[in-house]
Undergrad: 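My questions will all concern the structure given below.
Only a predicted model underlies this, so the values are computations on that prediction, with no experimental measurement involved. All values below were derived from every heavy atom in this structure, side-chain atoms included, with hydrogens, water molecules and symmetry-related copies excluded. We number each residue from 1, following the sequence as shown. Numbering of ligands and ligand atoms starts at 1, following listing order.
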Amino acid sequence: MALNVIMMGPPGAGKGTQAGRFAKERALLKISTGDILREAIKEKNQVALEAKARMDRGELVDDDTMIAIVAERLTRPDAARGFVLDGFPRTVAQARALDEIMERRGSGPLVIVDVVVPEQELIRRLAGRRICGVCGTNADVAAASCAKCGGTLVQRSDDGQKIVLERLRVYQNATKPVLDYYRERPTFRVVNGAQPPDRVARDLDTLIDDATTARL
Ligand code: AMP
């Protein structure tokens, strides 16, 4: 049966890293809406270029655009085994649309994980975060170049301090209500994201397996 996971949490919680690892280990499709947008901007896609101004201000891209991107991605054959969503849904309207898509798809449980990290720690992490300017992979702050392709490391255009504070504010206002939308479900779980990444990974494995079996 397909396994579908939503990795929720504020910017800097480590959800991208954990979503990537979990998806790889379980051979699931990782869908990061932020990565899809950044990729489309590089390819000069018109819709994405229009979204870029909002991203650079730390604001959300409109629901219709984001729902269309995810709906299209989920119809592809490589999503049939299941998926890990990173960065979607970010609004209650997106969460509702995802429920409708899941109902039409009729596949596997939807496990929702909230990765919790205190705000001061998020600000510290985002200030130091670097990505590869060539392939976009997250990098170790101490690294001199990208471990994957050797590319030069850069700061994400929306990781500057002022924009980070705006992204955290947007998270509080628009995305926190999504947690309330999901909280009462038997497949909702919370993980302490302030731990070292391997501890977070271990806890995630346990609680996702638990949520999947608890539902059966
Ligand atoms: P991320 O890499 O997930 O932090 O996303 C970077 C930026 O892309 C966000 O700050 C938003 O501007 C935009 N974005 C990504 N996913 C969504 C979404 N589900 N809804 C609205 N905007 C999004």
Side-chain angles (χ1 to χ4, degrees), residues 4-23 29-43 45-74 79 83-102 110 112-115 117 119 121-123 125-133 135-139 153-179 181-182 193:
N4 310 302
V5 178
I6 303 178
M7 209 66 82
M8 296 288 298
K15 36 178 211 309
T17 305
Q18 295 295 342
R21 178 203 59 85
F22 188 82
L29 176 70
K30 179 197 171 194
I31 303 174
S32 160
T33 45
D35 285 351
I36 292 173
L37 288 169
R38 282 184 288 274
E39 213 30 61
I41 289 168
K42 269 198 207 159
E43 288 163 8
N45 170 288
Q46 194 50 42
V47 176
L49 288 174
E50 280 162 27
K52 186 177 186 307
R54 300 188 70 86
M55 293 169 73
D56 285 346
R57 288 197 298 267
E59 295 166 10
L60 294 183
V61 176
D62 66 281
D63 285 335
D64 288 350
T65 301
M66 298 316 301
I67 292 165
I69 288 175
V70 171
E72 189 277 327
R73 200 68 197 79
L74 288 179
F83 57 79
V84 184
L85 269 173
D86 159 32
F88 185 98
R90 263 177 156 101
T91 64
V92 172
Q94 292 178 13
R96 291 212 173 95
L98 181 63
D99 274 345
E100 283 169 23
I101 294 170
M102 295 304 291
L110 188 62
I112 305 109
V113 184
D114 182 20
V115 184
V117 177
E119 187 159 293
E121 172 66 7
L122 296 172
I123 292 171
R125 285 186 190 179
L126 290 165
R129 180 157 81 174
R130 295 292 178 272
I131 59 164
C132 174
C135 73
T137 304
N138 269 341
L153 302 181
V154 296
Q155 186 171 49
R156 250 172 68 168
S157 59
D158 57 353
D159 272 352
Q161 200 186 11
K162 205 171 132 232
I163 306 298
V164 160
L165 294 179
E166 175 61 12
R167 286 165 64 207
L168 291 172
R169 198 188 64 79
V170 168
Y171 175 78
Q172 288 293 336
N173 292 342
T175 309
K176 270 264 174 93
V178 181
L179 295 175
Y181 178 82
Y182 286 132

Undergrad: Is there a donor-acceptor pair closer than 3.5 Å between any side-chain N or O of Gln94 and the backbone N or O of Arg90?
TA: yes
Undergrad: Considering the heavy atoms of Arg38, write down every atom of ligand 1 situated less than 4.0 Å from one of them.
TA: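 This gives 2 (O), 6 (C) as the contact atoms.
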Undergrad: Side chain, backbone, both or neither: which applies to Asp86 and ligand 1 if a contact is any heavy-atom pair less than 4.0 Å apart?
TA: neither
Undergrad: So which heavy atom in the protein is nearest atom 4 (O) of ligand 1, and how far is it from that ligand atom?
TA: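 Sorting protein heavy atoms by distance from atom 4 (O) of ligand 1 puts Arg156 NH2, 3.0 Å first.
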Undergrad: Just checking Lys162: does its NZ atom have more than 12 heavy atoms from other residues, nucleotides or ligands closer to it than 6.0 angstrom?
TA: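 It does not: Lys162 NZ has 12 such atoms or fewer within range.
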Undergrad: Taking NZ, NE, NH1 and NH2 as the nitrogens, is one of them in Arg96 or Asp99 under 4.0 Å from a carboxylate oxygen of the other?
TA: no
Undergrad: Indicate yes or no: does an N/O atom of Gly87 lie under 3.5 Å from an N/O atom of ligand 1?
TA: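 Yes, there is a polar N/O contact under 3.5 Å.
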Undergrad: State the CD-CG distance between Gln161 and Leu126, to the nearest 0.5 angstrom.
TA: 10.5 Å
Undergrad: Heavy-atom pairs closer than 4.0 Å: do any link ligand 1 to the side chain of Glu166, the backbone, both, or neither?
TA: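 Neither; no heavy atom under 4.0 Å.
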Undergrad: Where is the nearest protein heavy atom to atom 11 (C) of ligand 1: which residue, which atom, and how far?
TA: Glu59 O, 3.5 Å
Undergrad: If the cut-off is 4.0 Å to any non-hydrogen atom of Leu37, which atoms of ligand 1 fall inside it?
TA: 8 (O), 13 (C), 14 (N), 15 (C)
Undergrad: Looking at Asp63, Asn173, Asp62, which one forms a side chain to side chain donor-acceptor pair (under 3.5 Å) with Thr91?
TA: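 That would be Asp63.
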Undergrad: When you measure from atom 16 (N) of ligand 1 to every protein heavy atom, which one gives the shortest distance, and what is it?
TA: Thr33 OG1, 2.8 Å
Undergrad: Taking the side chain as every heavy atom from C-beta outward, state whether Asp35 and Lys30 have any pair of such atoms under 4.5 Å apart.
TA: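 Asp35 vs Lys30: side chains touch.
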Undergrad: Can you find a pair of side-chain heavy atoms, one from Leu37 and one from Ile69, that are under 4.5 Å apart?
TA: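 Yes, their side chains come closer than 4.5 Å.
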Undergrad: Under a 4.0 angstrom heavy-atom cut-off, which atoms of ligand 1 come close to Arg167?
TA: 4 (O)
Undergrad: Check Leu168, Asp158, Ile163, Ile123 against Pro11 for a side chain to side chain contact (heavy atoms under 4.5 Å, CB included) and give me the one that passes.
TA: Leu168
Undergrad: Treating Thr33 as the side-chain partner and Gly87 as the backbone partner, does any N or O pair qualify as donor plus acceptor under 3.5 Å?
TA: yes
Undergrad: Which protein non-hydrogen atom lies closest to atom 9 (C) of ligand 1, naming both residue and atom, and how far is it?
TA: Arg90 NH2, 3.9 Å
Undergrad: Provide, to 0.1 Å, the distance between atom 7 (C) of ligand 1 and the closest protein heavy atom, together with that atom's residue and name.
TA: Met55 CE, 3.9 Å
Undergrad: In terms of residue, atom name and distance, what is the protein heavy atom nearest to atom 22 (N) of ligand 1?
TA: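 That would be Val61 N, 3.0 Å.
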Undergrad: Which part of Met66 is near ligand 1, with near meaning a heavy atom under 4.0 Å away: side chain, backbone, both or neither?
TA: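 Side chain only; the backbone of Met66 stays clear of ligand 1.
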Undergrad: So which heavy atom in the protein is nearest atom 20 (N) of ligand 1, and how far is it from that ligand atom?
TA: Gln94 NE2, 3.0 Å
